Number of protein chains: 2
Amino acid sequence: MRRGLRAALWSLAQFPAPLSGRPDRGAGNCALSRSPGGRRGESLTLAVGCRPVGAGTGRNRAPYEWTAPREGDTRRLPRVAKVTRDDVARLAGTSTAVVSYVINNGPRPVAPATKERVLAAIKELGYRPDRVAQAMASRRTDLIGLIVPDARQPFFGEMAHAIEQAAAERGQMVLVGNSDYLDEREVHYLRAFLGMRVSGLILISAGPSEHAAAEIDAWEARVVLMHRRPEAIDDVAVVLDDTGGAQLATRHLLEHGHEYVACLGGVESTPEQGDPVTDHIEGWSRAMREAGRSTEGRLFQSPYNRYDTYRVALDLLAGPDRPTALFCATDDQAIGVLRAARELDLDVPGELAVVGFDDVKEAALTDPPLTTVGSDREAMAKAAVDLVLDDSLRVSSTRNGGVQGGKGRVRQFPSGLVIRRSCGCHPPKPY
Amino acid sequence: MRRGLRAALWSLAQFPAPLSGRPDRGAGNCALSRSPGGRRGESLTLAVGCRPVGAGTGRNRAPYEWTAPREGDTRRLPRVAKVTRDDVARLAGTSTAVVSYVINNGPRPVAPATKERVLAAIKELGYRPDRVAQAMASRRTDLIGLIVPDARQPFFGEMAHAIEQAAAERGQMVLVGNSDYLDEREVHYLRAFLGMRVSGLILISAGPSEHAAAEIDAWEARVVLMHRRPEAIDDVAVVLDDTGGAQLATRHLLEHGHEYVACLGGVESTPEQGDPVTDHIEGWSRAMREAGRSTEGRLFQSPYNRYDTYRVALDLLAGPDRPTALFCATDDQAIGVLRAARELDLDVPGELAVVGFDDVKEAALTDPPLTTVGSDREAMAKAAVDLVLDDSLRVSSTRNGGVQGGKGRVRQFPSGLVIRRSCGCHPPKPY
DNA sequence: GTGAAAGCGCTAACAT
DNA sequence: ATGTTAGCGCTTTCAC
């Protein structure tokens, strides 16, 4: 039975869809009278992106055109009174409380027969509980906020996806906000999510974020930091052993016999506490030191995306003192480097060995496949979701094995080398 | 002035963040003495929880099942007495209505002096309006739901980002749900978003979606279809001229002198009304026909992602009748093809010309840069957001130029060729 | 210009 | 086991 399957699969779905027949909408016909005004309506003009080259593309005509409505255009009824819990109770001949108990499967028991009647009424009326009202009354939203710098970047996209999965398994939905590396956007979403009464908030911050810290304090919110742990924000965090991973990567490159390993970091000029890339650089320099190599003049800067890094790398690799081995702080940068190397006809790994960091899915499909530093993304996502939802994990407790809890706790995951071919190794299967 | 800028850019942000120092919470204890008491918050157990079924991390297990609430799964909102509008009113010495007027800048005017006092009180108490309560009372959430097959894929990721931007300009936030190409997930999110009372819903459907259609009907929701327009769902839609774009691409390849152009479509065996890729195939075959070429045996199938397509292409290109020109239904597939060509040491475009569709950002950085079919993504995103928010655009009206409105309307955007190098053209600058 | 008060649809304590 | 009802925090009439 199809419907049973769906219900089982997706627990948030409190009621099966009425697949057949439109429900009759209760009685009464109260028009919704709302005042039109008061909204902030702006009229911003949009910057238009790419302009395709080429002839006869129809590019310069009006941006769109209307086509005729399709066959069978059945206009809907204007706006019908919403079916509420009261309607259900009336039809089922019970009190509203019982309807509630049935819907929520608690907190009080309901006699099987009554339950049947209520469910039948729900189905008959096509009733859907109003989540806003539920949230209002229960003070619970089943919403987790997630702020990332830019979900279009593979690393963040994959992380967001993993978090969505982990959240779904806990019956929560995820609100994602892209800060686009802008401090004000970060704060904006923080505020918006918190105002929305999310159950908790996972923050992959893009910077030092004093503003974000102030906002979080102001709300006394349940926040879990991820990936980056800004000093200004003293809260529970889920991070990776970035330093260790970078060290592994650099050592590996060194073991391939390179005289030295160059490093491609971000564009920040000063090291930042809790910033993953700062840690990558630290790991790199530790490995260099322990091998007796100098890091002097071997650290380069580039934005964290393949496009800008491609250009940076074009310069770097065309220069006179081209390194023979390069550790990149992120896979996305490494991908840009690989592309530049190809442009310059440099053989990777022959003339240039490259190792990245993150193990994004795409790393397996680069040419050559990218050796990188990976981690258990799913586990980290799950940990973040758990930390955000479970008080017991955050507050110190003896039942919990006596661990120290509360703010400032950091859960660090190990990172490991994922060896492919860009480093110079030749495993049996390239992909 | 910083604050003005932020407010202009991000209208949802109703109040500036307390950038310096935490606001003092108590002017006396006025915030703490409310309602009789301890009712809430002590033992609020969760009605429904869910957790993965089966052991381990197997991919094929049934995703979720109903379970009893877990231990320590308290998940309540902050315990601290919340500052409410009442507290603000008390401190400001006004009525609660006035506080509301100030917050919303309407609907009634407020004397400047009073406004000052209220704003001062808000600041002093660190008051933040509760969006859930606002939504409850105003019946408005300022939330737009967006369902995409998989935001990790560049095309959808970029589209989601564009929609987020467009929505922000209209003061709306976007709830994104990944259906992962699963019908049940699509319905799940549809239901969840609609239950959340989103202002509207943009659906980039992954399939024919009869279930989705039923769900939408049941809610009488404001839905805008995008990208794909399933026959089962008769609603307002924003789409691209997929057929025309594909035709352009194929013609272009033909003009390069290839005997014929092969086409790489999806894995569906039957054409579907409203499916972009079906249209791409249609456009391809039109162009072939008009050039007097047969399409017989020249259409190949592959999943819509670079990884699987890489393997498919490895076979295809290593075979005996390797085409010299290939039109791919999506850029992501084209990227997989390019990678396979490299693996096989095939020169692109020399031995194999390739054209994609979508113009994802990455198309500019492939090797060689990918010629593809592009569109004005930002404009489409804006159109979708506008359609979802503005009744006037959906409902027929004479003031609106007499166009027919309501369901079934389709706004089609033009697509254009973006010429780079994979087709065989050599513009002055490769990137 | 301001205040009082009636909800919004639901949850859950308390009564029966 | 079921019913009654007091809120949840806010918006928005409607009266002053």
Side-chain angles (χ1 to χ4, degrees), chain A residues 14 26 30 32-39 81-90 92-115 117-118 127-141 195-197, chain B residues 14 31 34-48 76-77 81-90 92-118 127-142 195-197:
Chain A
Q14 301 197 21
C30 66
L32 185 62
S33 58
R34 230 194 298 153
S35 87
R39 303 281 303 273
K82 210 181 166 194
V83 179
T84 73
R85 180 211 46 172
D86 290 28
D87 301 318
V88 174
R90 204 171 307 131
T94 69
S95 74
T96 60
V98 172
V99 176
S100 213
Y101 300 152
V102 171
I103 289 171
N104 302 325
N105 204 23
R108 317 249 10 131
V110 176
T114 318
K115 188 174 201 161
R117 288 211 320 283
V118 171
Y127 167 73
R128 305 305 165 85
D130 181 323
R131 309 273 303 174
V132 174
Q134 285 183 312
M136 178 86 207
S138 69
R139 312 177 58 54
R140 204 165 27 76
T141 53
M196 220 153 243
R197 294 248 210 88
Chain B
Q14 302 198 19
R34 244 173 333 121
S35 95
R39 285 181 59 200
R40 313 243 179 218
E42 280 334 306
S43 60
L44 223 181
T45 38
L46 192 63
V48 175
R76 352 164 255 252
L77 293 148
K82 220 187 148 169
V83 179
T84 73
R85 184 208 45 171
D86 291 28
D87 302 317
V88 174
R90 204 171 306 132
T94 68
S95 74
T96 59
V98 172
V99 175
S100 216
Y101 301 152
V102 171
I103 289 171
N104 302 326
N105 202 25
R108 315 242 19 125
V110 176
T114 318
K115 189 173 200 160
E116 264 329 300
R117 288 213 318 283
V118 171
Y127 167 72
R128 302 298 209 286
D130 182 322
R131 309 275 303 170
V132 173
Q134 285 183 314
M136 176 87 208
S138 68
R139 314 179 74 16
R140 195 161 37 71
T141 52
D142 292 346
M196 219 152 242
R197 293 248 209 91

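Note on naming: letters A, B, ... go to the chains in the order of the sequence lines (proteins, then strands), and numbering restarts at 1 for each one. Side chains included, hydrogens not; waters and symmetry mates left out as well; all remaining heavy atoms used. Since the model is a prediction, treat every value here as computed from it, not as a measurement.
The distance between atom CZ of Arg128(A) and atom C1' of dC10(C), rounded to the nearest whole Å, is 17 Å. The CE-P distance, from Met136(A) to dC10(D), rounds to 7 Å in whole Å. If you take CZ of Arg131(A) and C1' of dG9(C), they are 14 Å apart, rounded to a whole angstrom. Atom P of nucleotide dC8(C) and atom CG of Asp130(B) are separated by 19 Å, given to the nearest angstrom. Across the protein-nucleic acid pair, Asp86(B) atom CG and dG7(D) atom C1' stand 12 Å apart, rounded to whole Å. Remark: C1' of dG9(C) and CZ of Arg139(A) are 16 Å apart, rounded to the nearest angstrom. Counting to the nearest Å, the C1' atom of dG1(C) and the CZ atom of Arg117(B) are 12 Å from each other. Per the geometry, CZ belonging to Arg140(A) stands 17 Å off C1' belonging to dG7(D), to the nearest Å.
With distances taken from any side-chain atom of Ala111(A) to the nucleotides dT11(C), dG1(C), dA1(D), the minimum falls on dA1(D). With dG9(C), dC10(D), dG1(C) as the candidates, the nucleotide lying closest to the side chain of Gln134(B) is dC10(D).
The residue Ser100(B) sits close to a base: some heavy atom pair falls under 4.0 Å.
How far CE of Met136(B) is from CE of Met136(A): 7.0 Å, rounded to the nearest 0.5 Å. Annotation: the span from Tyr101(B) atom OH to Thr96(B) atom OG1 amounts to 8.5 Å, rounded to 0.5 Å.
Ion pair Asp87(B)/Arg85(B) not flagged as a salt bridge, since none of the NZ, NE, NH1 or NH2 atoms sits closer than 4.0 Å to an Asp/Glu carboxylate oxygen.
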Pairwise N/O distances under 3.5 Å, protein to nucleotides 3-6 of chain C:
| residue | atom | partner | partner atom | Å |
| --- | --- | --- | --- | --- |
| dG3(C) | OP2 | Ser95(B) | N | 2.7 |
| dG3(C) | OP2 | Ser95(B) | OG | 3.2 |
| dG3(C) | O6 | Tyr101(B) | OH | 3.0 |

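For Arg117(B), there are no salt bridge (Lys or Arg N to Asp or Glu O under 4.0 Å) partners two or more places apart in sequence or in a different chain.
Heavy-atom nearest nucleotides on DNA chain C were determined for Val110(B) and for Ala137(B), and the one closer to the 5' end corresponds to Val110(B).
Using a 4.5 Å cut-off on side-chain heavy atoms (C-beta onward), Asn104(A) and Gln134(A) make contact. Counting heavy atoms from C-beta outward, Thr94(B) and Thr114(B) have side chains that approach closer than 4.5 Å.
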Checklist line | Stepwise salt bridge (Lys or Arg N to Asp or Glu O under 4.0 Å) test for Asp130(A) and Arg128(A) | finding: CA-CA 6 Å; Asp130(A) 181 323; Arg128(A) 305 305 165 85; over 6 Å; no

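Between Arg197(A) and dC8(D) there is no side-chain polar atom (N or O) within less than 4.0 angstrom of OP1 or OP2.
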